[in-house]
Peer 1: 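Next up is a structure, given as structure tokens.
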Amino acid sequence: MRSDRFGLEAGVDRQLEDAEDTRSRLRWGSFAKAYRENDTSAFKKRKVIRPDGSIDWIVLRPEFRQLLAVLANGVIDSVIFYDLDRLVRQPRDLEDLIDIVEYVKRPVTGATGGRMNLINDSDRHMARMMGVMALKSSEDTARRVARQHLSAAQNGLAQGRIAYGWVRKGERKGQLVPHEADVVVRIFQDFMSGESAYSIARSFNAEGIQPPAARTWSSTMVAKMLRNPRYAGMVSYAGKHRVQAATAGDGWSLVLFDDEGRPLLGSWELPQTAQAVTGPQHERADWTRATRPGPQLAPSPM
């Protein structure tokens, strides 16, 4: 199941019902295990560093890889999948599965979509063609969504994760959290008064102030907040329409600029006085140095 925003797994349960119907029709024995990939993308790749230092970009699917392993080792003697585009979205994954099927000579059949069986030559060739088309569909969707996100950012809407200081989920998403907003303002005020990120974090821990997503405050956490352009009302974007990748931890390289070279301002509510504290007139905040070039965007067709 590719997307389950609310964690209900209702889609997975429906797929299991169809798989059970197929098992009964084929008069196979009971399932040994259901391999669930709820809310897991079969398309999006991640950067992986191998033990030898080499780098690869692959889709991380632990359940799928475990399925391949038990099929190859003879732990199970057949597989029923819901539909091919739920099974694989990358030709590499399909070929890995086909290699095993050709070796173990065990059926891998679908519950829908013509009920193909990868043990058959013709179905394997059809699966390859369908896999390529499914990949194109995923890439087309990803391009359109990325373009929508860029357009929203250019119109001043916050993109990506909601930062500390605002409601991050629910109907009030994007609205200020007063006590968190006060903490944000204090971070910038203390920093501009000469305090280091380390001393700010130490003070917050001593006072028992709850950090965003950890047990304790750290200098790294405070530094990232100081470099976050959203606290100055600036729009940031880290999507696909970049010629040059943003620098990790460097908020300034995420900022979007208008045609006159000025930072784009967002439409969200700022913590009181935060914009005044973080304005470009304060050169100590690294990300406000006007000498840094803005991100370069590449045109993309719709």
Side-chain angles (χ1 to χ4, degrees), residues 1-5 9 11-12 14-16 18-19 22 34-50 54-72 78-104 106-152 159-160 237-243 245 297-302:
M1 184 72 178
R2 179 177 59 87
S3 178
D4 182 14
R5 294 177 59 191
E9 297 196 9
V12 171
R14 290 191 297 269
Q15 293 175 13
L16 288 174
D18 291 343
T22 300
Y35 291 85
R36 293 172 176 259
E37 285 193 324
N38 192 52
D39 202 21
T40 300
S41 173
F43 167 72
K44 191 172 183 179
K45 295 181 180 180
R46 298 289 191 276
K47 180 181 179 181
V48 175
I49 301 178
R50 304 291 186 184
S54 62
I55 296 176
D56 198 3
W57 293 88
I58 61 175
V59 177
L60 298 180
R61 302 177 61 192
E63 288 290 305
F64 178 74
R65 289 294 153 183
Q66 184 182 2
L67 171 64
L68 296 186
V70 296
L71 181 62
S78 58
V79 174
I80 296 177
F81 57 90
Y82 176 70
D83 193 78
L84 185 66
D85 71 349
R86 298 298 89 190
L87 179 66
V88 293
R89 277 295 178 104
Q90 293 289 345
R92 181 187 305 185
D93 289 345
L94 177 60
E95 291 302 326
D96 288 345
L97 176 57
I98 288 176
D99 286 344
I100 294 173
V101 172
E102 290 179 329
Y103 174 73
V104 300
R106 295 296 184 179
V108 175
T109 186
T112 62
R115 297 171 178 172
M116 66 170 53
N117 190 337
L118 297 182
I119 202 171
N120 301 322
D121 291 345
S122 58
D123 286 350
R124 290 199 295 269
H125 296 319
M126 179 60 69
R128 289 184 173 105
M129 290 186 288
M130 293 176 63
V132 170
M133 295 306 297
L135 177 61
K136 182 181 186 303
S137 175
S138 295
E139 291 177 341
D140 289 344
T141 299
R143 186 185 69 249
R144 288 193 295 268
V145 171
R147 185 62 183 85
Q148 291 171 0
H149 287 174
L150 173 60
S151 178
Q159 297 297 300
Y237 176 79
K240 291 188 174 182
H241 294 80
R242 285 181 172 274
V243 174
L297 300 179
S300 175
M302 292 297 290

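As the structure is a prediction and not an experimental result, all values here were calculated from the model.
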Peer 1: Would you say the side-chain atoms of Thr141 pair up with the backbone N or O of Ser137, donor to acceptor, closer than 3.5 Å?
Peer 2: yes
Peer 1: Hey, are Asp140 and Lys136 close enough for a salt bridge, meaning a charged N less than 4.0 Å from a carboxylate O?
Peer 2: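 Looking at Asp140 and Lys136, the cut-off is met.
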Peer 1: What's the separation between atom CG in Asp99 and atom CG in Leu94, rounded to the nearest 0.5 Å?
Peer 2: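 Going from the CG atom of Asp99 to the CG atom of Leu94 covers 9.5 Å.
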Peer 1: Under the criterion side-chain hydrogen bond (donor to acceptor under 3.5 Å, both in side chains), which of Asp83, Thr22, Asp18 is the partner of Thr112?
Peer 2: Asp83
Peer 1: Which heavy atom in Leu118 sits nearest to a heavy atom in Ala127, and how many Å separate them?
Peer 2: CD2-CB, 3.7 Å
Peer 1: Got a second to check how far Asp93's CG is from Ile58's CD1, nearest 0.5 Å?
Peer 2: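 Answer for the CG-CD1 pair, Asp93 versus Ile58, is 8.5 Å.
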Peer 1: Specify the closest pair of heavy atoms between Phe64 and Glu37, including all atoms of both residues, with the distance to one decimal.
Peer 2: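 In terms of heavy atoms, the two residues are closest at N-OE2, 3.2 Å.
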Peer 1: Using side-chain contact (heavy atoms from CB on, under 4.5 Å) as the criterion, point out the one residue from Asp96, Asn117, Val79, Val108 that pairs with Val101.
Peer 2: Val108
Peer 1: Go through it in stages, so that I can follow the logic: the residues are Val88 and Arg61, the test is side-chain contact (heavy atoms from CB on, under 4.5 Å), and I'd like the CA-CA distance, side-chain angles, deciding distance and then a yes or no.
Peer 2: CA-CA 10 Å; Val88 293; Arg61 302 177 61 192; 4.1 Å; yes
Peer 1: Identify the heavy atoms of Met116 and Phe81 that sit nearest to each other, and give their distance.
Peer 2: CG-CZ, 4.1 Å
Peer 1: Taking all non-hydrogen atoms of both residues into account, name the closest pair between Met130 and Leu84 and its distance.
Peer 2: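 Where Met130 meets Leu84 most closely, the heavy atoms are CB-CD2, 3.7 Å.
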Peer 1: Is the shortest side-chain heavy-atom distance between Arg106 and Ile119 below 4.5 Å?
Peer 2: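 Contact flag for Arg106/Ile119 side chains = no.
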Peer 1: Let me confirm one number: the CD1-CG distance from Ile80 to Leu16, rounded to the nearest 0.5 Å.
Peer 2: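 Interatomic distance, Ile80 CD1 to Leu16 CG, rounded to 0.5 Å: 11.0 Å.
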Peer 1: Mind checking whether Thr109 and Asp123 have side chains closer than 4.5 Å, heavy atoms only?
Peer 2: no
Peer 1: Measuring from Ile55:CD1 to Arg50:CZ, what's the distance to the nearest 0.5 Å?
Peer 2: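 Here the rounded value is 11.0 Å.
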Peer 1: Provide the closest heavy-atom pair for Arg92 versus Trp57 in the form atom of the first, atom of the second, distance.
Peer 2: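 Arg92 and Trp57 have their closest heavy atoms at NH1-O, 3.6 Å.
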Peer 1: Is Glu95 paired with Arg128 through a side-chain N to carboxylate O contact shorter than 4.0 Å?
Peer 2: yes
Peer 1: Do Leu67 and Leu97 have side chains that get closer than 4.5 Å, going by heavy atoms?
Peer 2: no
Peer 1: How close do Arg124 and Glu102 get, heavy atom to heavy atom, and via which atoms?
Peer 2: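 Nearest heavy atoms, Arg124 then Glu102: NE-OE2, 3.4 Å.
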